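Data block below; observations after.
Here the structure is a predicted model, which is why all the values come from computation and not from measurement. Index from 1, following the sequence.
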Amino acid sequence: MSARNNIEKEQPLDARQQSLAVISALVATGNIESLKIQFNTGLDAGLTINEIKEELVQLYAYCGFPRSLNGISSFMQILEERKKNGITDVAGKESTPLKDSTDTYERGRKTLEILTQTPQPRPAPGFGEFAPRIDAFLKEHLFANIFDSDVLNYQQRELVTNAALAAMQGTEGQLQAHIGMGMNTGITAEQVKAVFDIIEKSVSKEQASKARAVLSNMKKQVN
């Protein structure tokens with residue numbers, strides 16, 4: 001028992017964090033059959049119903065409504081099956097009512113400043129000036145309406161985001177940005193590597209290699 005506990009302490013990600021990452025990767029790639037298994041694993045590891053629901057809601061912003069809705073439908077099925085089998089799952093905390101009366105764009109802009117630790121002009125340079133509506137959606141829907149909910153904290157949300165972006169093709173630029181944001185919330189390089197190990201097991205070695213290359217290039221830029 002002591003040896004097993006020592007091994008668990010050495011893991012960069014605890015069981016709940018691992019489940020969040022695997023669920024995210026499987027939703028992003030549309031692997032529903034494996035996702036159903038992982039929902040059970042996550043609930044058994046201590047994730048609450050509301051934490052998983054919040055993760056699935058957040059993922060719509062990164063991998064689209066179809067994948068998010070498919071994940072939600074599958075989660076509902078698993079919860080019903082567990083209920084029939086006499087398993088009572090913990091609902092978990094509800095989102096704390098929002099007290100900040102600042103407009104949603106401004107709340108989202110401030111959240112992004114916290115995550116990036118850099119000033120965020122209004123509108124965002126480049127894409128925000130060219131397509132102001134997408135800048136508004138990014139700030140208002142994602143970094144305000146979604147991130148305002150404290151069912152998941154910023155670190156958990158960035159863990160979820162990193163896993164989703166690493167699982168998908170063609171999102172290396174966004175992955176680099178969110179690795180940085182995740183580290184600003186306290187995620188370590190070892191935990192990022194552990195997420196990519198999860199990608200290798202649950203998605204593909206090719207995707208994991210691409211993600212590791214992004215992290216490696218970031219280290220070179222720092223050095």
Side-chain angles (χ1 to χ4, degrees), residues 4-5 7-65 67-97 115 142 145-168 178-179 181-182 185-188 190-203:
R4 188 183 73 181
N5 289 340
I7 291 173
E8 289 177 351
K9 289 178 182 179
E10 293 173 2
Q11 295 295 327
L13 299 174
D14 63 30
R16 284 162 42 86
Q17 291 171 321
Q18 290 177 43
S19 289
L20 285 173
V22 179
I23 288 170
S24 182
L26 295 174
V27 170
T29 54
N31 188 342
I32 297 300
E33 292 309 309
S34 295
L35 180 61
K36 289 178 180 179
I37 296 172
Q38 191 56 43
F39 282 144
N40 281 295
T41 301
L43 290 166
D44 292 341
L47 288 176
T48 68
I49 294 173
N50 285 339
E51 285 172 333
I52 295 177
K53 281 199 296 185
E54 189 67 28
E55 175 179 18
L56 296 172
V57 169
Q58 177 182 326
L59 285 170
Y60 105 81
Y62 294 98
C63 51
F65 274 114
R67 294 274 164 93
S68 176
L69 291 172
N70 288 344
I72 289 171
S73 295
S74 298
F75 188 42
M76 292 169 63
Q77 293 173 15
I78 292 302
L79 289 175
E80 186 61 30
E81 290 173 7
R82 290 170 67 90
K83 185 177 180 180
K84 289 180 179 179
N85 290 330
I87 301 173
T88 302
D89 291 303
V90 177
K93 67 176 287 186
E94 299 282 347
S95 180
T96 303
L115 293 170
L142 177 56
N145 290 332
I146 294 178
F147 272 64
D148 276 345
S149 170
D150 59 358
V151 173
L152 295 176
N153 60 38
Y154 287 173
Q155 186 177 105
Q156 290 171 313
R157 290 188 182 281
E158 285 304 319
L159 180 70
V160 167
T161 303
N162 273 271
L165 292 173
M168 294 187 292
H178 279 280
I179 289 174
M181 292 185 209
T185 69
I187 295 175
T188 66
E190 291 306 310
Q191 288 176 317
V192 174
K193 292 177 183 177
V195 170
F196 298 161
D197 289 342
I198 286 172
I199 297 303
E200 181 169 340
K201 294 177 182 178
S202 61
V203 182

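Counting all heavy atoms, side chain and backbone alike, S202 lies closest to A25 at OG-CB, 3.9 Å. Minimum interatomic distance between I198 and A21 (heavy atoms only, all atoms of both residues): CD1-CB, 3.8 Å. Scanning all heavy atoms of the two residues, the minimum distance from I199 to A163 falls at CD1-O, 3.5 Å. Scanning both residues, A167 and A28, for their nearest heavy atoms gives CB-CB, 4.3 Å.
Here the rule is side-chain contact (heavy atoms from CB on, under 4.5 Å) with F75, and of I23, L43, L35 only L43 fits it.
Y60 is listed as a side-chain neighbour of I146, based on a closest heavy-atom distance under 4.5 Å. Considering only heavy atoms from C-beta on, Q17 comes within 4.5 Å of Q155 through its side chain. Put simply, the side chain of E94 reaches to within 4.5 Å of the side chain of N50, judged on heavy atoms. Counting only heavy atoms from C-beta outward, the side chains of Q156 and E55 never approach each other to under 4.5 Å. Within the 4.5 Å cutoff, the side chain of N162 has no heavy atoms near those of the M181 side chain.
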L142 and Y62: side-chain contact (heavy atoms from CB on, under 4.5 Å), yes or no, with the steps? CA-CA 9 Å; L142 177 56; Y62 294 98; 3.3 Å; yes

Is there a side-chain contact (heavy atoms from CB on, under 4.5 Å) between C63 and V27 once you walk through the steps? CA-CA 8 Å; C63 51; V27 170; 4.1 Å; yes

Could you walk me through whether E80 and K83 pass the salt bridge (charged side-chain N to carboxylate O under 4.0 Å, His left out) check? CA-CA 5 Å; E80 186 61 30; K83 185 177 180 180; 5.3 Å; no

Go through it in stages, so that I can follow the logic: the residues are L13 and L159, the test is side-chain contact (heavy atoms from CB on, under 4.5 Å), and I'd like the CA-CA distance, side-chain angles, deciding distance and then a yes or no. CA-CA 10 Å; L13 299 174; L159 180 70; 4.1 Å; yes

Report the C-alpha separation of V90 and I49 in whole Å, then their side-chain angles, then the decisive distance to 0.1 Å, and conclude whether the side-chain contact (heavy atoms from CB on, under 4.5 Å) test is met. CA-CA 6 Å; V90 177; I49 294 173; over 6 Å; no

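If you take CG on D197 and CD on Q191, they are separated by 12.5 Å, rounding to the nearest 0.5 Å. Separating the OG1 atom in T29 from the CZ atom in R67 is a distance of 6.5 Å, to the nearest 0.5 Å. One finds the CG atom of L47 at 14.0 Å from the NZ atom of K53 (value rounded to the nearest 0.5 Å). Atom-to-atom distance recorded for E54:CD and L56:CG is 9.5 Å, nearest 0.5 angstrom. Within the model, atoms CD1 of I179 and CZ of F196 stand 4.0 Å from one another, a figure rounded to the nearest 0.5 Å. Between the CG atom in N70 and the CD1 atom in I32 there is a gap of 5.0 Å [rounded to 0.5 Å].
Using modelled atom types, no side-chain atom of Q38 and backbone atom of V22 make a donor-acceptor pair closer than 3.5 Å. A donor-acceptor pair is defined here as one N or O able to donate and one able to accept, closer than 3.5 Å; such a pair exists between the side chain of N40 and the backbone of K36. A donor-acceptor pair under 3.5 Å links the side-chain atoms of T185 to the main chain of G182, judged by distance alone. Counting only distance, with no hydrogens or angles, the side chain of S149 and the backbone of N145 share no donor-acceptor pair below 3.5 Å. With hydrogens and angles ignored, the 3.5 Å screen pairs a side-chain donor or acceptor of S24 with a backbone N or O of V160. Between the side chain of N85 and the backbone N or O of I87, no donor-acceptor pair lies under 3.5 Å.
Taking the ring centre of F147 as origin, the terminal cationic atom of R157 falls inside the region bounded by 6.0 Å and 45° from the ring axis.
Under the side-chain hydrogen bond (donor to acceptor under 3.5 Å, both in side chains) criterion, E81 pairs with no residue at all, not counting sequence neighbours.
A salt bridge links D150 with K93; the closest basic N to acidic carboxylate O contact falls under 4.0 Å.
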